[in-house]
Amino acid sequence: MITGATSGFGEAFAGRVLSGGGRVIATGRREDRLKRLEEAWGEERLLTRQMDLRSAASVAEALGDLSAEFEAIDILFNNAGQALGLAKAPEADLEDWEAMIETNITGLARVTRSVLPGMVARNRGDVLNMASVAANYPYPGGNVYGATKAFVRQFSLNLRADLLGTAIRVTSIEPGMCETEFSLVRYKGDAEAASKVYQGMRPLSAEDIATTLESILRLPNHININAVELMPVSQAFGPFAVTRG
């Protein structure tokens, strides 16, 4: 099952699983994008569900009547999330903060809680949670976005503590700069501003993340990758900021 399967990492990973012969439950808010997935892959091994993970009723409806072919979820890729704006905290839009919390934290927790009991009953499964380097490294304007991704990382580690004694694996995926619709969403549709984020450097791609996920899943079942942090070679770390005077 993939949340946010209509673009970026989710769409790339859906393609990777389907290409490998697996079944995919692809969820997302945009019905036209879900239909595009159906046109590309057919409906034999792909089940699409329109779902807004900010709504408990929407999640319950999407997961409430899965057919026998799709009900045993072995992999949950909690990919759906968003970054909105880069304003510093005193000027930030409170609605943007609330939307990020509802999606990146509440929605991810809601979907995970819905899927986990089945994994535990079958004693198998992988939970892949999309965090970010922002979970570990603060930057100006990252305020609530970074805090939500820190939740994803810590939630992933705490899931492992709760799931000790089962065969379920949990991984926090923490990428740096990736060229998807991420910046377009952050800049609220300003394509020019979004394109400048990746100007003059080679960012990670959605396929790079799909490759990383596949490599984690193909490891022997007794190996759990707690967290994986990756960046493009073009990205590194800056000095501490200091105000003077």
Side-chain angles (χ1 to χ4, degrees), residues 3-4 6-12 28-30 52-54 77-111 128-158 171-209 212 227-245:
T3 65
T6 54
S7 65
F9 306 148
E11 185 176 12
R29 287 185 294 167
R30 293 176 288 187
D52 184 349
L53 47 74
R54 297 172 300 179
F77 180 28
N78 276 315
N79 168 65
Q82 57 184 338
L84 297 171
L86 268 173
K88 293 185 180 179
E91 294 85 35
D93 186 329
L94 183 58
E95 290 186 1
D96 286 348
W97 280 11
E98 291 172 345
M100 287 186 281
I101 291 167
E102 289 170 5
T103 304
N104 302 357
I105 295 179
T106 307
L108 181 145
R110 177 177 289 127
V111 171
L128 305 169
N129 290 328
M130 181 52 64
S132 166
V133 292
N136 306 311
Y137 311 108
Y139 58 86
N143 39 68
V144 166
Y145 173 71
T148 64
K149 293 305 182 178
F151 169 86
V152 174
R153 174 184 170 85
Q154 195 64 26
F155 182 58
S156 302
L157 298 177
N158 277 283
T171 303
S172 175
I173 314 298
E174 302 165 9
M177 295 175 73
C178 301
E179 189 168 13
T180 60
E181 293 182 2
F182 175 87
S183 289
L184 191 63
V185 172
R186 166 165 266 175
Y187 286 103
K188 301 185 178 180
D190 187 337
E192 183 178 355
S195 67
K196 288 179 180 177
V197 174
Y198 310 107
Q199 210 166 53
M201 56 90 68
R202 182 178 177 181
L204 301 175
S205 68
E207 286 299 328
D208 293 333
I209 299 302
T212 302
V228 56
E229 181 181 293
L230 61 157
M231 288 179 170
V233 173
S234 302
Q235 184 182 18
F237 308 94
F240 285 115
V242 179
T243 183
R244 303 182 189 278

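Computed from a prediction, not measured in an experiment: that's the story for all the values here. Here, residue 1 is the first one in the sequence, and each next residue gets the next number.
In this structure, Arg186 does not pair ionically with Asp96, as no charged nitrogen and carboxylate oxygen lie closer than 4.0 Å.
Looking at Thr171, its side chain never comes within 3.5 Å of a backbone N or O of Ala227 through a donor-acceptor pair. The main-chain N or O of Glu192 is found under 3.5 Å from a side-chain atom of Ser195 such that the two form a donor-acceptor pair. Side chain of Asn143 to backbone of Ala87: a donor-acceptor contact under 3.5 angstrom is found. Judged purely by atom type and a 3.5 angstrom limit, Asp208 has no side-chain atom pairing as donor or acceptor with the backbone of Leu204.
Rounding to the nearest 0.5 Å places OG1 of Thr148 at 14.5 Å from CZ of Arg153. Atom SG of Cys178 and atom CD of Glu207 lie 12.0 Å apart (nearest 0.5 Å). Once rounded to the nearest 0.5 Å, the distance linking CD of Glu102 with CZ of Arg110 reads 9.0 Å. Of the inter-residue distances, the one linking Ile209 atom CD1 with Phe9 atom CZ reads 4.5 Å to the nearest 0.5 angstrom.
When side chains are defined from C-beta on, Ser205 does not count as touching Glu179, because their heavy atoms never get closer than 4.5 Å. For the pair Thr106/Arg54, no side-chain contact is recorded, criterion being any heavy-atom separation below 4.5 Å from C-beta on. No side-chain heavy atom of Met130 sits under 4.5 Å from any side-chain heavy atom of Val152. When side chains are defined from C-beta on, Gln235 does not count as touching Pro203, because their heavy atoms never get closer than 4.5 Å. A heavy-atom distance below 4.5 Å is not found between the side chains of Phe155 and Ser172. Side-chain contact between Thr212 and Leu230 is present, with at least one heavy-atom pair separated by less than 4.5 Å. Contact annotation: the side chain of Phe151 never approaches that of Ile101 to less than 4.5 Å [non-hydrogen atoms, C-beta and beyond]. Residues Arg202 and Val233 form no side-chain contact, since every pair of their non-hydrogen atoms from C-beta on lies 4.5 Å or further apart.
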Given side chain to side chain contact (heavy atoms under 4.5 Å, CB included), test Leu84 with Val185 step by step and report yes or no. CA-CA 7 Å; Leu84 297 171; Val185 172; 3.8 Å; yes
For Met201 and Met177, what are the C-alpha separation, side-chain angles and deciding distance, and is it a side chain to side chain contact (heavy atoms under 4.5 Å, CB included)? CA-CA 10 Å; Met201 56 90 68; Met177 295 175 73; 3.7 Å; yes
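Across all non-hydrogen atoms, the minimal contact from Ala131 to Pro175 is O-CD, 3.7 Å. For the pair Thr180 and Ala206, the tightest heavy-atom approach, listed with the atom from each and the gap, is CG2-CB, 4.3 Å. Between Tyr145 and Ala134, the closest heavy-atom pair is CE2-CB, 3.8 Å. Of all the heavy atoms in Val144 and Trp97, the pair that sits closest is CG2-CD2, 3.3 Å.
Residues passing the side chain to side chain donor-acceptor pair (under 3.5 Å) test with Asn129, sequence neighbours excluded: Asn78, Ser156. Looking at residues two or more places apart in sequence or on another chain, you find no side chain to side chain donor-acceptor pair (under 3.5 Å) involving Ser234.
Looking at Asn104 and Gln82, their side chains never bring a donor and an acceptor atom within 3.5 Å of each other. Judged by distance alone, the side chains of Tyr137 and Glu174 never bring a donor and an acceptor atom under 3.5 Å apart. Side-chain N/O atoms of Arg29 and Thr6 include no donor and acceptor closer than 3.5 Å.
In this structure, Lys88 places its NZ atom where only 12 or fewer heavy-atom neighbours from other residues, nucleotides or ligands lie under 6.0 Å away.
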